[in-house]
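See below for the structure under consideration.
None of the values given here were measured: they were computed from a predicted structure. A note on names: the letters A, B, ... follow the listed sequences, proteins ahead of strands, and every chain is numbered from 1.
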Amino acid sequence: MKDITKMSADFDRWYTDVVRKAELADWSGIRGMMVVRPYGWAMWEAIQRAFDDMIKESGHENWAFPLLIPRDYLIKEAEHVEGFAPEVAWVTRAGSGNEELEEPLAVRPTSETIVGSIIKRYIQSHRDLPQLTNQWNSVVRWEMRTRLFLRSREFWWQEGHTFHASAQEAMDEVDLILGYYRDIAQEWLAVPVLAGKKSPAETFPGAVYTLTIEGLMRDGMALQMGTSHYFGQNFARAYDISFSNKENERELCYSTSWGITTRLVGALVMAHGDDSGLIVPPRVAPIQVVIVPIFRDAESRAKVETFIGGWSGELKAAGIRHKVDWRDERPGDKYAHWEMKGVPLRLNVGGRDVDAGQVELVDRLSRQRRPVPVAGIGARLADELASFQKALFERAQGFLKENTFERSTLAEVVAHFKVGIGFVWVPWCGDAECEARIKAEAGGVTVRTIDPDERASGKCLVCGKPATHRVALARAY
RNA sequence: CGGGCGGUAGCUUAGCUCGGCAAAGCGCCUGGUUUGGGACCAGGAGACCGCGAGUUCGAAUCUCGCCCGCCCGACCA
């Protein structure tokens, strides 16, 4: 691909080039604030639809809560406030006289505090529980270092906030949601993930524990792709969210929160792309099949157009998102263009094909050309898209496997990350000091997740005491 | 938020040291020839030279402040 930096030459530049040239997103001119363009937003919409269906199916409801949070709402949960303090943006003045506000308003960095403050009104009895809320919105975090989709000062997400009558029910909730996240990543984005618990150092501020899904990008860096937090009664205590239980005693709620963000669009770019640009998983692809007509003059154009008109309705009937590229460009130009945009399947259709009653099918992964008869083309392409989705996932899974390792000492880990990439599983004692030493000595390597089976064997890679956890280490975005 | 680098047409950049008519390639528009892997010819449009002050007869060029971006650190979905 001309115009984009080679992935092998400079991954970061490659990423930025692809995001901008494929028209996913851009910087806005306002520091750290991005503009998501239609092609990128359509991918986010596909993710939204998929996830929204999942949570509605299990009884969650969408709400809209305020953008601005009064200071005294925000500061009640000590750990939470401390965690977010550095990145909160404040509204301190307003009105025609630009008067100083009596109480500053925070632009939400996340909404636990205001949802808690409001939802308690609607919870009196155990009969009012669970409350399963979600909202689709954007939040602001005053980041110092920004990257399109991966870290911007505003980003779009869903934030679920749920309130339960028992600890077990709340813990089941965070498991349920993590399962949804795993499905979004693997089944929709075709990105295989490690799913597990965060170490205390990586746990969300105010949470008892945090569950995460972690994907591996093609440069070997890990990316957190979704988190689900169990709060126990921490927020209920701070915000006095209580209910009367069956024995008519006051009890504090158990709550959770969970989110996935527009970062996932960046994840699919970095997990699947190549030197020619994007490769978009069919299930979230705004355009799944692009048709490139090949013709010389008005007469041959009419011939091809009539031919395509004869079967394109089948694609629509099969629910395939497709587009015919009639732009006045040469075919080679169009091939390169749609490859850069990552469209999974392309059909080249010229006079020869019309005569043979076929089209030439090219997929974005193998780029092999195969003749396909137009008879039954809707079903055929639906199959091809399903195969493509599967092949893309398998390729990513192969990459993950090749780049997952086992090590047992800190020295080995340091040696690995000096030149190596990927995930490294190690035994760990659970001590925060040992965790800090890994980060310091292995150059920013962090504990990405704890093996969900909590299988522990051997000795801690740092201190040599008996290990209590098996954890995956990686450099992360 | 600290250190380094940068901002000139839609994009990539030259010009800046040493002040003197704002350039090139790509892209865009028009016409023509073309069209099965990134075409060619001719003509044309397009620039508050990031913004604001200052120095000067004169500033893209020198000085100061600010804004935006990139790289490196501390922090992070």
Side-chain angles (χ1 to χ4, degrees), chain A residues 1-5 10-13 15-17 20-21 23 26-34 82-88 108-110 137-159 181 198 201-202 204-205 210 212-215 222-229 257-267 276-277 292-298 300-301 304 325-340 346-356 358-360 362 367 369 371 439-440 443-444 446 476-477:
Chain A
M1 180 71 209
K2 61 182 185 190
D3 304 338
I4 57 180
T5 307
D10 185 338
F11 191 87
D12 295 349
R13 222 172 268 279
Y15 174 79
T16 305
D17 283 353
R20 301 182 68 158
K21 297 262 161 61
E23 303 180 329
D26 243 320
W27 289 119
S28 62
I30 302 150
R31 172 95 200 255
M33 300 282 186
M34 68 170 176
E82 196 190 328
F84 279 100
E87 41 190 36
V88 173
R108 64 183 167 215
T110 178
N137 61 18
S138 69
V139 290
V140 169
R141 298 185 186 174
W142 217 245
E143 299 293 347
M144 291 307 154
R145 216 176 152 178
T146 54
R147 292 196 69 192
L148 290 167
F149 286 117
L150 304 181
R151 179 157 299 104
S152 48
R153 285 188 169 174
E154 179 184 24
F155 58 87
W156 292 265
W157 74 345
Q158 59 67 217
E159 46 174 326
Y181 287 167
K198 282 290 192 190
E202 302 273 332
F204 183 83
T210 289
T212 182
I213 54 169
E214 303 274 328
L223 182 72
Q224 180 173 306
M225 292 173 64
T227 47
S228 181
H229 316 289
S257 82
W258 26 273
I260 47 175
T261 79
T262 38
R263 166 180 269 195
L264 292 183
V265 178
S276 298
V292 177
I294 299 154
F295 53 88
R296 269 162 225 289
D297 47 29
S300 58
R301 177 186 157 132
V304 169
D325 185 358
W326 287 113
R327 289 176 307 148
D328 185 20
E329 303 286 348
R330 295 164 75 83
D333 241 325
K334 297 181 184 179
Y335 298 165
H337 176 78
W338 295 110
E339 278 171 11
M340 186 190 60
R346 187 177 79 235
L347 305 180
N348 302 339
V349 185
R352 296 204 295 265
D353 302 296
V354 176
D355 296 338
Q358 64 175 42
V359 297
E360 188 175 71
V362 188
R367 300 203 215 183
R369 298 165 173 229
K439 189 171 181 178
T446 51
Y477 277 97

Point to revise | Whole-angstrom distance between B/G44 and B/C51, as gauged at atom P | key: 29 Å
Revision key, fill the gap. As its Watson-Crick or G-U partner within any shown strand, both distances under 3.5 Å, B/G25 has B/C11
Review point. NA contact type, A/Glu143, heavy-atom cut-off 4.0 Å: base, sugar-phosphate, or nothing?
Key: base
Review point. For B/U17, which nucleotide is its Watson-Crick or G-U wobble mate, given both distances must be under 3.5 Å?
Key: none
Study note, to complete from the structure: Among B/A77, B/C28, B/U34, the one nearest any side-chain atom of A/Asp328 is B/U34
**Study point:** Rounded distance in Å - CZ (A/Arg141) to P (B/A77)
**Key:** 6 Å
Point to revise | Gap in Å between the two P atoms, one belonging to B/A45 and one to B/C62, rounded | key: 31 Å
Review point. Touch check for A/Ser152, heavy atoms < 4.0 angstrom, all strands: base, sugar-phosphate only, or nothing?
Key: base
Check your understanding: Looking only at N and O atoms, is any donor in the side chain of A/Asp353 or the base of B/G36 less than 3.5 Å from an acceptor on the other one?
Key -> yes
Exercise for review: Kindly indicate whether the side chain of A/Arg346 and the base of B/G37 share any N or O donor-acceptor pair separated by less than 3.5 Å?
Suggested key: yes
Point to revise | Under 3.5 Å on both distances, the Watson-Crick or G-U partner of B/A59 | key: none
Check your understanding: Atom CD in A/Glu214, atom OG1 in A/Thr446: separation rounded to 0.5 Å?
Key -> 7.5 Å
Restricting both atoms to N or O, compile the protein contacts to nucleotides 39-47 of chain B shorter than 3.5 Å, with distance only.
residue: B/A39; atom: OP2; partner: A/Arg330; partner atom: NE; Å: 3.0
residue: B/A39; atom: O4'; partner: A/Arg330; partner atom: NE; Å: 3.4
residue: B/A39; atom: N9; partner: A/Arg330; partner atom: NH1; Å: 3.4

Exercise for review: Using a 4.0 Å heavy-atom cut-off across all strands, classify A/Phe295 as base, sugar-phosphate, or nothing.
Suggested key: base
Point to revise | Shortest non-hydrogen separation from A/Gly32 to A/Thr146 and the atoms involved | key: CA-CG2, 3.8 Å
Review point. Which letters describe nucleotides 65-73 of chain B, given B = protein heavy atom under 4.0 Å from base, S = only from sugar-phosphate, - = neither?
Key: ---SSS-SB
Point to revise | Atom C1', compared across B/C67 and B/G52: separation rounded to whole Å | key: 10 Å
Study note, to complete from the structure: All heavy atoms of A/Ile4 vs all of A/Ser276, minimum pair found to be CD1-C, 3.9 Å
Check your understanding: In the strands shown, is B/A39 matched to any nucleotide by a Watson-Crick or G-U wobble pair with both distances under 3.5 Å, and which?
Key -> B/U33
Review point. Hey, does A/Gly226 reach any base, or is it just sugar-phosphate, or nothing, if we go heavy atoms under 4.0 Å?
Key: nothing
Check your understanding: For A/Glu159, which contact category applies under a 4.0 Å heavy-atom criterion: base, sugar-phosphate, or nothing?
Key -> nothing
Revision key, fill the gap. Hits for side chain to side chain contact (heavy atoms under 4.5 Å, CB included) against A/Thr210, two or more places apart or cross-chain, chain-then-number order -> A/Lys198, A/Thr203, A/Phe204, A/Ala207, A/Thr227, A/His229
Exercise for review: Describe the nucleic acid contact of A/Leu150 in one word from base, sugar-phosphate, nothing, applying a heavy-atom distance below 4.0 Å.
Suggested key: base
Exercise for review: State which of B/A77, B/G37, B/G36 makes the closest approach to the side chain of A/Arg263.
Suggested key: B/A77
Practice item. Just call it for A/Phe149: base, sugar-phosphate, or nothing, with non-hydrogen atoms closer than 4.0 Å on any strand. Key: base
Review point. On a whole-Å scale, what distance lies between the P atoms belonging to B/C48 and B/U61?
Key: 16 Å
Exercise for review: Using whole Å, report how far CD of A/Glu23 lies from P of B/G27.
Suggested key: 16 Å
Point to revise | Spacing of the C1' atoms in B/C11 and B/A47 (rounded, Å) | key: 14 Å
Check your understanding: Are a donor atom and an acceptor atom from the side chains of A/Asn137 and A/Trp157 found within less than 3.5 Å of each other?
Key -> yes
Review point. Do side-chain atoms of A/Ser152 reach the backbone of A/Phe149 as a donor and acceptor pair under 3.5 angstrom?
Key: no
**Study point:** Interatomic distance where CD belongs to A/Glu339 and P belongs to B/G37 [whole Å]
**Key:** 12 Å
Review point. If you look at every heavy atom in A/Trp258 and A/Ser228, which pair is closest and at what distance?
Key: CB-CA, 3.7 Å
Check your understanding: With both distances under 3.5 Å as the test, what is the Watson-Crick or G-U wobble partner of B/C70?
Key -> B/G4
Check your understanding: Between A/Asp325 (CG) and B/G36 (P), how many Å, whole number?
Key -> 14 Å
Review point. Checking side-chain contact (heavy atoms from CB on, under 4.5 Å) against A/Tyr335, which of A/Met340, A/Arg346, A/Arg367 comes through?
Key: A/Arg346
Revision key, fill the gap. Closest non-hydrogen contact found for A/Arg147 with A/Tyr15 is NH2-CD2, 3.3 Å
Point to revise | Span that lies between the P atom of B/G15 and that of B/U8, in whole angstrom | key: 14 Å
Point to revise | A/His337 NE2 to B/U35 P, straight-line distance once rounded to whole Å | key: 22 Å
**Study point:** From CZ (A/Arg153) to OG (A/Ser138), nearest 0.5 Å
**Key:** 15.0 Å
Check your understanding: So, is A/Arg296 close to the B/U35 phosphate, meaning a side-chain N or O under 4.0 Å from OP1 or OP2?
Key -> yes
Practice item. Between B/U35 and B/C16, how far apart are the P atoms? Round to whole Å, please. Key: 45 Å
Review point. Just how far, in rounded Å, is P of B/U34 from CD1 of A/Ile294?
Key: 18 Å
Review point. Which one is paired to B/C75, where only Watson-Crick or G-U wobble pairs with both distances under 3.5 angstrom count?
Key: none
Point to revise | Atom pair CG (A/Leu223) and CG (A/Leu264), whose distance is rounded to the nearest 0.5 Å | key: 8.0 Å
Review point. Under a 4.0 Å N-O cut-off, is there an ion pair linking A/Glu360 with A/Arg369?
Key: yes
Review point. Starting at CZ of A/Arg352 and ending at P of B/U35, how long is that distance when rounded to a whole Å?
Key: 13 Å
Point to revise | Most 5' of A/Met225 and A/Lys21 on RNA chain B, judged by nearest nucleotide | key: A/Lys21
Check your understanding: Side chain of A/Arg369: nearest nucleotide among B/A77, B/G37, B/G36?
Key -> B/G37
